> 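The structure that follows is given in the form of structure tokens.
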Amino acid sequence: MGLDLSRRRVSRQQRQETALARALTRALAEDPVADDEAGAERLIERALASSTPDGGARRAAPAGVPLLPVVRLDGLEVTQEIQDLSHTVPLVAGKATIVRAYLSRPAGAITLRGELLAARSPSGPWQAVASLGTARLDPSRSGTSPAQLRSRRADLGFSLNFRLPDDLVSTPGPLYLRMGRLIRAVGSGAVPSVAGVRRRRFTLGPAVPFRLRLVLLSYVQDGVTFTPSTTDVELLRSWLRRAYPVSRVELTTVTVPASAPVEFDASQVNAQLLALRAVDVATGTDARTHYYGMVDADGFFMRGLASDIPGTPQPGTVASGPAAASGFAWDTDGSYGDWYGAHELGHTLGRFHAEFCGAGGGAPYPYPNGQLSDADEAFVGIDTGDAALGLPLRVVPPVSSHDVMSYCDNQWLSAFTYTGIHDRLIAEDALPAGPAAALGLAAAGAAAPPGGSPTMRLIASLNLDRGTAEVAAVLPSSDFGGGDSPEAAGPDPAGEVAVRILAADDTVLEQLTVPLRRSACEAPDQEVTGTVDVDLPDPDGAARLQLLLNGAVVAEHPIGGAPAEPAAVRNDAPAFGAAPPVVSGGVLHLAWDAAAAPPSQRYAVQLSTDGGQSWQTVAVGLSEASVDLPVGHLPGDSVTVRVLATTGTGRAVVSESAVSLR
């Protein structure tokens with residue numbers, strides 16, 4: 001019959017609203033934005049007044065029926081992890097950014113979608129950003145005070161939410177935002193709005209990277225090999241990117257066999273990490289890189305520890321912890337290794353415990369019960385989500401959620417912790433990256449370089465309750481940097497740690513008290529552990545060193561002599577038929593010879609998958625001229641292997657070989 005059904009489906013009020021929206025747009029076109037609230041109100045009143053006589057829409061309401069309602073903007077919040085309405089939490093360039101618009105309408109509930117206009121200069125160009133979904137406007141939820149905005153901040157459904165495109169937030173500097181057009185979620189036509197009258201200015205601070213080498217510890221128990229899963233790795237990467245105040249997470253992974261026997265503790269892993277890191281940094285790894293060791297808890301549970309809580313920027317502080325499928329009712333993403341790792345890494349960034357839910361040895365924390373905010377909910381968390389992992393955008397409730405540095409459930413970063421980590425990462429980023437590929441190829445028996453007495457770097461772990469210790473590595477400081485100074489040692493209530501350097505005839509050449517780095521994050525019922533990372537003198541004739549705890553020898557290690565250069569590395573994988581696989585059971589067995597090597601000789605092994613442009617250390621302190629490596633993560637058909645041999649003193653000698661993987 002020729003009926004215009006689409007027009008019939010649009011109510012008279014919706015047609016009137018569309019007309020009024022157009023009239024308001026025309027009225028605001030000459031002077032479209034204001035930069036303060038008072039100026040915005042003047043523009044709004046002028047626009048409303050001028051839209052009535054000629055627009056017709058506001059006069060079209062029958063007698064006794066209120067004029068058409070107009071949408072206003074009660075608040076605009078820019079958040080990346082947690083925020084308050086005064087925007088006291090710093091915004092970081094390059095980080096996923098969510099804008100939440102809190103709108104109100106004086107009569108009649110309505111569901112809207114719309115757009116946000118964003119620019120990096122006050123004059124534009126303006127980029128339109130579509131809302132992620134819809135917002136329900138209810139007359140009972142209106143007003144601009146924190147109390148009036150509280151219910152809308154608690155529920156994404158009551159705010160119009162936008163994710164800013166990456167190119168808009170990629171660089172530091174001012175960010176300008178204003179609301180664009182609003183339309184009904186159901187039906188058609190624009191909704192009368194003055195929400196876009198005010199232009200708001202925000203500031204993106206410097207981009208802050210987080211450099212992380214994630215060391216996946218492999219171990220064998222009862223004939224089964226345990227290694228953290230890809231899920232563990234990706235969830236930690238994602239959690240740090242979403243929750244930490246960083247523009248990017250520069251994460252690299254390496255799988256290494258645990259050097260200590262099962263069931264090892266985190267202090268032993270931390271000593272291994274310190275040794276791995278020493279070799280890596282000497283051969284080109286950025287010295288600002290943090291190291292975290294992840295251990296699969298399906299074999300046994302290793303409680304996480306950090307090697308220290310540094311009061312100044314010290315990226316060389318390491319930490320380790322467990323990962324496995326979550327057994328926590330509140331954690332449903334598939335692994336608890338994400339927030340657990342963020343907690344231990346927080347210690348390496350100078351953060352103490354928030355002393356709630358059993359966490360002790362902490363520092364003052366501003367909110368009760370480890371919450372993210374006081375009861376006024378001034379700070380509200382936001383998780384920007386990760387579509388690749390099926391994690392949605394969500395509000396993190398500020399009272400029922402707790403700071404990651406506590407031991408409570410529902411963990412996130414409070415503004416207190418977030419800002420503290422932000423400031424520390426900025427300070428770390430200003431540190432030098434370190435010498436690239438500083439380690440040179442040394443001939444066997446080469447003398448230490450001129451300019452000072454030769455020294456050696458001792459890295460070890462101690463268990464003070466058991467009175468035991470393990471030496472992770474002794475490295476020449478000339479090649480692998482230095483640790484703490486013995487003069488820095490002071491009395492420790494848990495016991496005095498000393499190092500004794502002896503000649504071959506047991507003559508004591510040196511004895512020094514050395515500092516113990518007590519492990520951070522230990523529970524009251526947990527054994528007291530720590531690490532030693534100290535720079536020691538290398539007296540003539542040194543043949544071995546002893547580590548002492550309260551005067552008792554708890555570990556010994558041979559040193560001294562001229563290192564012998566390792567021969568070419570070979571693959572000793574067992575042969576199967578005419579075409580032997582070079583990798584057997586997912587394990588690469590590397591071996592080499594070192595003729596006339598002294599008993600003190602130890603080896604470090606590095607792999608390169610880019611032809612020697614970069615290296616990853618996979619073993620340190622090997623006493624045998626062989627190593628078994630899990631290689632599931634290695635790409636390509638071959639790998640370059642570098643073996644570094646040292647006797648702890650003098651210089652290291654190096655051998656490189658290409659080894660086939662396929």
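Keep in mind that the numbers below use all heavy atoms, side chains included, and drop hydrogens, waters and symmetry copies. Just so it is clear, the model here is predicted, and its values are computed rather than measured.
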> Applying ring-ring contact (aromatic ring centres under 6.0 Å, His included), can you list everything that pairs with H402, at least two apart in sequence or on another chain?
none
> Looking at every heavy atom in both L236 and G337, which two are closest together, and how far apart are they?
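So the minimum-distance heavy-atom pair works out to CD1-O, 3.9 Å.
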> Please check if the distance between the ring centroids of F352 and H347 is under 6.0 Å.
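Judged by ring-centre distance (under 6.0 Å), F352 and H347 do not meet the cut-off.
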> Does the side chain to side chain contact (heavy atoms under 4.5 Å, CB included) test come out yes or no for V99 and L164, once each step is laid out?
CA-CA 7 Å; V99 179; L164 294 183; 3.9 Å; yes
> Are D386 and R241 within salt-bridge range, i.e. N to O under 4.0 Å?
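Answer for the salt bridge query: yes.
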> Write down the atom of V169, the atom of R120, and the distance for their closest heavy-atom approach.
CA-NH1, 4.1 Å
> Checking side chain to side chain contact (heavy atoms under 4.5 Å, CB included) against D308, which of T531, N270, T317 comes through?
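In the set T531, N270, T317, the residue that makes a side chain to side chain contact (heavy atoms under 4.5 Å, CB included) with D308 is T317.
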> Going by an N to O cut-off under 4.0 Å, is there a salt bridge joining R211 and D429?
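The answer is yes: the pair qualifies as a salt bridge.
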> Do D331 and D333 have side chains that get closer than 4.5 Å, going by heavy atoms?
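With C-beta onward as the side chain, the pair touches.
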> Below 3.5 Å, can you tabulate the donor-acceptor pairs from side chains in residues 390-401 to any protein atom, sequence neighbours excluded?
residue: R394; atom: NE; partner: D383; partner atom: OD2; Å: 3.3
residue: S401; atom: OG; partner: P397; partner atom: O; Å: 2.7

> Assess whether side chain to side chain contact (heavy atoms under 4.5 Å, CB included) is satisfied between L349 and Y244, documenting all intermediate values.
CA-CA 11 Å; L349 292 162; Y244 265 35; 3.8 Å; yes
> Mind checking what makes ring-ring contact (aromatic ring centres under 6.0 Å, His included) contact with W339, not counting sequence neighbours?
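Result, ring-ring contact (aromatic ring centres under 6.0 Å, His included) vs W339: F328, W330.
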> Tell me whether R153 is salt-bridged to E377, with the criterion being a basic N under 4.0 Å from an acidic carboxylate O.
no
> Do you know which of N161, L156, I82 makes side chain to side chain contact (heavy atoms under 4.5 Å, CB included) with I382?
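For I382, the side chain to side chain contact (heavy atoms under 4.5 Å, CB included) check succeeds only for L156.
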> Just by modelled atom types, is the S131 backbone N or O under 3.5 Å from a matching donor or acceptor in the E115 side chain?
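Checked: no pair found.
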> Just to verify, what does D423 make a side chain to side chain contact (heavy atoms under 4.5 Å, CB included) with, not counting sequence neighbours?
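For D423 the side chain to side chain contact (heavy atoms under 4.5 Å, CB included) partners, ignoring immediate neighbours, are T419.
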> Please identify which of these residues, W239, Y418, F379, meets the ring-ring contact (aromatic ring centres under 6.0 Å, His included) condition with W412.
W239
> How close do L235 and D338 get, heavy atom to heavy atom, and via which atoms?
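Looking at all heavy atoms of both residues, the shortest contact is O-CB, 3.4 Å.
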> Applying the side chain to side chain contact (heavy atoms under 4.5 Å, CB included) criterion to P245, which one of E81, K95, Q80, H422 satisfies it?
H422
> Between L168 and A118, which heavy-atom pair has the shortest distance, and what is it?
CD1-CB, 3.6 Å
> Provide the closest heavy-atom pair for R288 versus L431 in the form atom of the first, atom of the second, distance.
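The answer is CD-O, 3.3 Å.
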> The criterion is ring-ring contact (aromatic ring centres under 6.0 Å, His included); which residues satisfy it with H290, sequence neighbours excluded?
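Only F210 meet the ring-ring contact (aromatic ring centres under 6.0 Å, His included) criterion with H290.
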> With salt bridge (Lys or Arg N to Asp or Glu O under 4.0 Å) as the test, would you mind laying out the steps for E45 and R72 before giving the verdict?
CA-CA 12 Å; E45 292 305 318; R72 288 175 175 260; 3.5 Å; yes
> Looking only at non-hydrogen atoms, find the nearest pair between Y102 and L76 and report the distance.
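Shortest heavy-atom separation between Y102 and L76 comes out as CD1-N, 4.5 Å.
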> Run the ring-ring contact (aromatic ring centres under 6.0 Å, His included) test against F416 and tell me which residues pass, sequence neighbours left out.
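Residues passing ring-ring contact (aromatic ring centres under 6.0 Å, His included) with F416: Y365.
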> Return yes when atom CG of D35 has more than 12 non-hydrogen atoms of other residues, nucleotides or ligands closer than 6.0 Å, and no otherwise.
yes
> How about D74 and T144: does a side-chain donor come under 3.5 Å of a side-chain acceptor?
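Distance-only check fails for D74 and T144.
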